[in-house]
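Because only heavy atoms are used, hydrogens play no part in the values below, and waters and symmetry mates are left out as well, while side chains stay in. Everything numeric in this text was worked out from a predicted model, so none of it was measured.
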Amino acid sequence: MIALKTHSELEILEANAHLLAEILLEVALQAKPGVSTGELDRLAERRIRQARAEPAFKGYRGFPATLCASLNEEIVHGIPSPRRVLKDGDLLSLDLGLRREGYYADAAVTVGVGEVSPQAERLMRVTWEALRAAIHSAKIGRHVSDLSHAIEQTVRAGSFYVVREFVGHGIGRELHEEPQIPNFGPPGVGTVLREGMVLCPEPMVKADDRPVRLKEDGWTAVTASGAWAAHFEEMVAITADGPKVLTEWIGEELWRTRM
Ligand code: MG
C-alpha cells in the first residue's frame with residue numbers, strides 16, 4: 001500500500017526537506033582535510049536538534065549515529081568516528097535523515113575532500129546524473145521502474161556499475177515506505193506513479209562490478225575489491241506539474257559551490 005500525501009502532509013514534508021537540505025549542505029561544506037567524520041556527525045546532530053527536529057538514523061535498527069559517513073570504498077551506512085580523519089583526495093558520501101512533526105526527510109550527497117582524482121570526480125558526476133535522470137522520469141502515469149531504468153542506463157553509459165543490494169524508497173510518516181526503487185531494471189513495469197507520492201531515489205554507484213560486503217561493524221557496506229563508490233539521494237514529490245524536488249536539488253547546489 002503506497003501512502004498518497006495530502007496537501008497539508010506535503011507542506012510538512014517540504015518544510016522538513018528544506019531544513020534537511022540546508023543542514024546537509026552545511027555539513028558537506030565542512031568536509032575538508034583534517035576534519036573527522038565524528039565532527040561532521042556532531043555538527044549534523046546539533047543543527048537538527050536546534051531546529052527542534054530529531055535525527056532519523058540514530059537508533060534506527062540500532063544505528064549509532066546521526067549521519068552516515070562513507071569513505072572511498074565504503075558505499076553506504078559508514079559509522080562516523082573521531083578517528084576517521086579526512087584526507088586530501090578522499091571521496092565522502094554523506095547520508096542524513098531527520099523527523100519533525102511526525103514526518104521524515106532523507107537525502108544524500110557525495111563530495112570530494114580537497115582535490116580528488118579525475119576518476120573519482122567522474123564517478124560523482126555520473127552518480128549525480130543518474131539521480132537527475134531518475135527525477136526527470138518521476139511523472140504521473142510513468143512507472144517506478146522507469147526511475148530504476150534511468151539510473152541503470154545513465155550509470156552504464158558512464159562505464160560504472162550500480163549497487164544492486166540497496167534500494168531507494170517512498171517516505172512520509174515512515175523513513176522507508178513503499179515503493180522500493182531498485183537502481184536497475186526494465187522500464188514500464190510495476191507500480192504506476194500517482195500524484196501525492198513522495199519518493200527517495202538513491203543511486204549508489206561503484207567503479208567495478210564485484211560484489212558488496214558488510215564490514216565487521218555490521219553496518220558499513222563496502223565494495224569487496226576496494227573500488228570506490230558514490231551515492232546521491234533527493235526527495236521528490238509526484239505532482240500535476242511534474243516532479244518537484246523537495247530537497248531543493250542539493251546535489252546540484254553542491255556542484256555549483258564546488259566548481
Ligand atoms: Mg534513503
Side-chain angles (χ1 to χ4, degrees), residues 24-41 43-44 67-96 107-134 150-166 183-184 201-215 217 219-234 249-259:
L24 184 52
L25 189 62
E26 182 182 345
V27 171
L29 293 175
Q30 293 305 313
K32 296 169 187 161
V35 174
S36 75
T37 58
E39 285 171 72
L40 298 180
D41 179 59
L43 171 63
L67 183 70
C68 294
S70 308
L71 269 171
N72 303 333
E73 77 282 2
E74 297 174 348
I75 304 164
V76 285
H77 308 154
I79 300 173
S81 161
R83 293 185 305 276
R84 297 299 295 276
V85 178
L86 302 176
K87 304 186 307 291
D88 193 46
D90 278 342
L91 196 58
L92 177 65
S93 297
L94 298 169
D95 195 345
L96 186 63
V109 293
T110 298
V111 289
V113 178
E115 204 67 32
V116 299
S117 72
Q119 171 79 350
E121 190 79 31
R122 208 172 67 77
L123 180 62
M124 277 193 288
R125 183 168 287 284
V126 167
T127 309
W128 168 247
E129 282 170 1
L131 176 56
R132 190 164 52 190
I151 289 170
E152 185 178 31
Q153 291 296 102
T154 308
V155 170
R156 188 175 285 173
S159 303
F160 291 121
Y161 302 88
V162 296
V163 171
R164 293 166 171 262
E165 288 82 351
F166 301 98
N183 290 314
F184 62 96
E202 46 180 318
M204 295 150 234
V205 176
K206 53 194 178 151
D208 76 14
D209 204 16
R210 305 283 302 284
V212 168
R213 69 173 181 84
L214 212 55
K215 271 179 137 173
D217 62 23
W219 276 104
T220 315
V222 294
T223 62
S225 63
W228 285 16
H231 177 209
F232 282 92
E233 172 183 17
E234 307 243 7
W249 295 100
I250 178 190
E252 195 83 44
E253 177 68 26
L254 205 56
W255 278 116
R256 269 199 303 273
T257 315
R258 291 183 70 252
M259 287 303 150

dist F232:CZ -> E252:CD (nearest 0.5 Å) comes out at 10.0 Å

Are the side chain of R122 and the backbone N or O of G158 linked by a donor-acceptor pair below 3.5 Å?
yes

Looking only at non-hydrogen atoms, find the nearest pair between T154 and A133 and report the distance.
OG1-CB, 3.6 Å

Under a 4.5 Å cut-off applied to non-hydrogen side-chain atoms, are K206 and V212 in contact?
yes

Kindly compute the distance separating NE2 (H231) from CG (L94), expressed to the nearest 0.5 Å.
10.5 Å

Could you tell me whether K87 atom NZ has more than 12 heavy atoms of other residues or ligands within 6.0 Å of it?
no

Any donor-acceptor pair under 3.5 Å linking the side chain of E234 with the backbone of W249?
yes

May I ask you to test the D90-N72 pair for a side-chain heavy-atom distance under 4.5 Å?
yes

Mind listing the closest non-hydrogen atom pair of D95 and A107 along with its distance?
OD1-O, 3.0 Å

Hey, what do you get for OG (S93) to CG (L67), rounding to the nearest 0.5 Å?
10.5 Å

Between A69 and E74, which heavy-atom pair has the shortest distance, and what is it?
O-OE1, 3.8 Å

In terms of side-chain geometry, is the basic nitrogen of R164 or E152 positioned less than 4.0 Å from the acidic oxygen of its partner?
yes

For the atom pair NZ (K32) and CG (L86), what is the distance rounded to the nearest 0.5 Å?
11.5 Å

The reported gap from CZ in R84 to CG in L92 (rounded to nearest 0.5 angstrom) is 9.5 Å

Ignoring hydrogens and angles, tell me if any N or O in the side chain of T37 forms a donor-acceptor pair with the backbone of P80 under 3.5 Å.
no

Output the distance between atom OG (S70) and atom NE2 (H77), rounded to the nearest 0.5 Å.
7.5 Å

Is there side-chain contact between L40 and Q30, with at least one heavy-atom pair below 4.5 Å?
yes

What's the verdict on salt bridge (Lys or Arg N to Asp or Glu O under 4.0 Å) for R125 and E121, showing C-alpha distance, side-chain angles and the deciding distance?
CA-CA 6 Å; R125 183 168 287 284; E121 190 79 31; 5.3 Å; no

On a heavy-atom basis, the closest approach of E202 and N183 is O-ND2, 3.4 Å

Side-chain heavy atoms of T127 within contact of T110, under 4.5 Å:
no

If I compare all heavy atoms of P82 with all of S36, which pair ends up nearest, and what's the gap?
O-CB, 3.5 Å

Name all residues meeting the salt bridge (charged side-chain N to carboxylate O under 4.0 Å, His left out) criterion together with E165; count only those two or more places apart in sequence or in a different chain, and write none if there are none.
none

Do you know which two heavy atoms are closest between L96 and A44, and how far apart they sit?
CD1-CB, 3.9 Å

Name the residue from L91, V205, V109 that meets the side chain to side chain contact (heavy atoms under 4.5 Å, CB included) definition with M124.
L91

